[in-house]
Participant: 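Quick one: structure below, then a few questions.
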There are 2 protein chains.
Amino acid sequence: MRYRSLPALPVDLSSKSEYALLALLELSPHYASGEPLQIRQIASQQNIPDRYLEQLLATLRRAGLVKSQRGARGGYLLARDPWKITLYDVVSCIEGFEGQPDPTQVADTPEAQVIQNVWGEVRQAAEGVLQKHTLQDLVEQRNAQQQVDIMYYI
Amino acid sequence: MRYRSLPALPVDLSSKSEYALLALLELSPHYASGEPLQIRQIASQQNIPDRYLEQLLATLRRAGLVKSQRGARGGYLLARDPWKITLYDVVSCIEGFEGQPDPTQVADTPEAQVIQNVWGEVRQAAEGVLQKHTLQDLVEQRNAQQQVDIMYYI
DNA sequence: AGTATACTCCGGTTCTCCACTGGGGTTTGC
DNA sequence: GCAAACCCCAGTGGAGAACCGGAGTATACT
């Protein structure tokens, strides 16, 4: 059995990453004020199971993307400016790729090697897209999208 | 519970796809002669569990990428020229993305919508890489790789 | 000081998919 | 007719995703 023994391209974008991004998009507008947001609020706003979101926020905290304030009136806030956090930062820490050995590895057959090379190309292409988007980008895209919605009376 | 209810980017490249590509790379040189190759031979050559490879080849056959010859002295052969089959053709049929509704779908919140848009970008970037490579490309890359191996006495 | 409000840590549960195995059946060449 | 091949279908077992729950800990407010 192999069970993802090879490079195992983590280009798969699960709802885990989507939840994390939704939460960070909620936190982004509150970065300036410095007011923390609670898990419950984020969860109910974006329709995410709160106990699950809790785990994701803990991962983001350990990765240094958010900071937490414990106790009453506590909650979470972004650790950096929303335009200094790329989607790659978020997805890579949630999906946890960077545990494996370097992608420029050697395969046991020449056929496997050329496939590995292509896999690496795909990975880089996907990572490139994620690296060029920041949280602030998405916030502004959402604002623009809402304008469109209003114009079309949706 | 969501369990991949949303678009669920199937950009994930599993060993399933790798096995299928390895098999097709074995078949590619035999396309000109028209001589079929048996599952057992491909499997032992590329170190793939044969009963598993059988399923993958069945999928490829139903997708019209390979043809099968039943009975004694039977086997598999490519249905088209190896330079007319892209890696996207292979991966998409094996990974089976095109079951879902169209990726340009509407999310229930504007935040989810912008994330869907990015997901679509990532998907397209990955698909673009796969679309520009053909089986024949890989065969030639492998040959070149083998030349390098010989030069360096590996 | 006490209490309510939050995060923190740890474990378990269910579901889904991947990777793989096996048992039959059918077609074909010799 | 018989062996060699494909064909179909039905499992198994592990890993991870997507949760739920409880006990503990820090903090603000009164």
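In what follows, every chain begins at residue 1, and chains take the letters A, B, ... in the order their sequences are listed. Heavy atoms only: backbone and side chains are in, while hydrogens, waters and symmetry mates are out.
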Participant: Return no unless some side-chain N or O of A/R61 is found under 4.0 Å from OP1 or OP2 of C/dT8.
Facilitator: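 Checking A/R61 against C/dT8: at least one side-chain N or O falls below 4.0 Å of OP1 or OP2.
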Participant: What integer distance in Å separates B/E18:CD from C/dC18:P?
Facilitator: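 Value for this atom pair: 15 Å.
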Participant: Given that B/Q38 and A/K16 both sit by DNA chain D, which one's nearest nucleotide is further toward the 5' end?
Facilitator: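 The 5'-side residue here is B/Q38.
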Participant: B/E35 has an atom CD; how far is it from atom P of D/dA5, in whole Å?
Facilitator: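 Value for this atom pair: 13 Å.
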Participant: Any side-chain N or O of A/S68 below 4.0 angstrom from OP1/OP2 of C/dA6?
Facilitator: no
Participant: Under 4.0 Å between a side-chain N/O of A/Y76 and OP1 or OP2 of C/dT8, yes or no?
Facilitator: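 Yes.
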Participant: Take B/D50 and A/Q55, find for each the nucleotide of DNA chain C with the closest heavy atom, and name the residue whose nucleotide sits nearer the 5' end.
Facilitator: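 Comparing both residues, the 5'-ward one is A/Q55.
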Participant: How many angstroms lie between OG1 in A/T59 and CG in A/L56, if you round to the nearest 0.5 Å?
Facilitator: 6.0 Å
Participant: Starting at the 5' end of DNA chain D and moving along, which residue's nearest nucleotide shows up first, A/R51 or A/Q69?
Facilitator: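 Result of the comparison: A/R51.
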Participant: Go through the N and O atoms of the side chain of A/R70 and the base of D/dT27, and report whether any donor-acceptor pair is under 3.5 Å.
Facilitator: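 Such a pair does not exist between side chain and base.
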Participant: How many whole angstroms separate atom CG of B/L53 from atom P of C/dC18?
Facilitator: 17 Å
Participant: Rounded to whole Å, please give me the gap between OH in B/Y52 and P in D/dC8.
Facilitator: 18 Å
Participant: With respect to A/L78, which candidate in A/L37, A/L65, A/L135 satisfies the side chain to side chain contact (heavy atoms under 4.5 Å, CB included) definition?
Facilitator: A/L135
Participant: How many Å lie between CG on B/L37 and P on D/dA5, as a whole number?
Facilitator: 11 Å
Participant: Any donor-acceptor pair under 3.5 Å between the side chain of B/E54 and the base of C/dC20?
Facilitator: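 There is none.
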Participant: Please give, in whole Å, the distance from C/dC7 C1' to A/I42 CD1?
Facilitator: 12 Å
Participant: Going from CD on A/Q41 to CD on A/Q45, what distance comes out if it is rounded to the nearest 0.5 angstrom?
Facilitator: 8.5 Å
Participant: Please determine, by modelled atom types, if A/Q113 and B/Q141 share a side-chain donor-acceptor pair under 3.5 angstrom.
Facilitator: no
Participant: To the nearest angstrom, how far is A/Q41 atom CD from C/dA6 atom P?
Facilitator: 8 Å
Participant: What is the distance, to the nearest angstrom, from the CG atom on B/L22 to the C1' atom on C/dA19?
Facilitator: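 Atom-to-atom, B/L22 to C/dA19, this comes out as 15 Å.
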Participant: So what does A/L57 touch, heavy atoms closer than 4.0 Å: a base, only the sugar-phosphate, or nothing?
Facilitator: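 No contact.
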Participant: Once rounded to the nearest 0.5 Å, what's the spacing between atom CG of B/L21 and atom OG of B/S28?
Facilitator: 9.5 Å
Participant: With a cut-off of less than 4.0 Å, is there a side-chain N or O of A/S15 near OP1 or OP2 of D/dA17?
Facilitator: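 Checking D/dA17 against A/S15, no side-chain N or O comes under 4.0 Å of OP1 or OP2.
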Participant: Between C/dC20 and B/Y19, is there an OP1 or OP2 to side-chain N/O distance shorter than 4.0 Å?
Facilitator: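 Yes.
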Participant: Just to confirm, is there a sub-4.0 Å distance from OP1 or OP2 of C/dT27 to any side-chain nitrogen or oxygen of B/R73?
Facilitator: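 No, outside the criterion.
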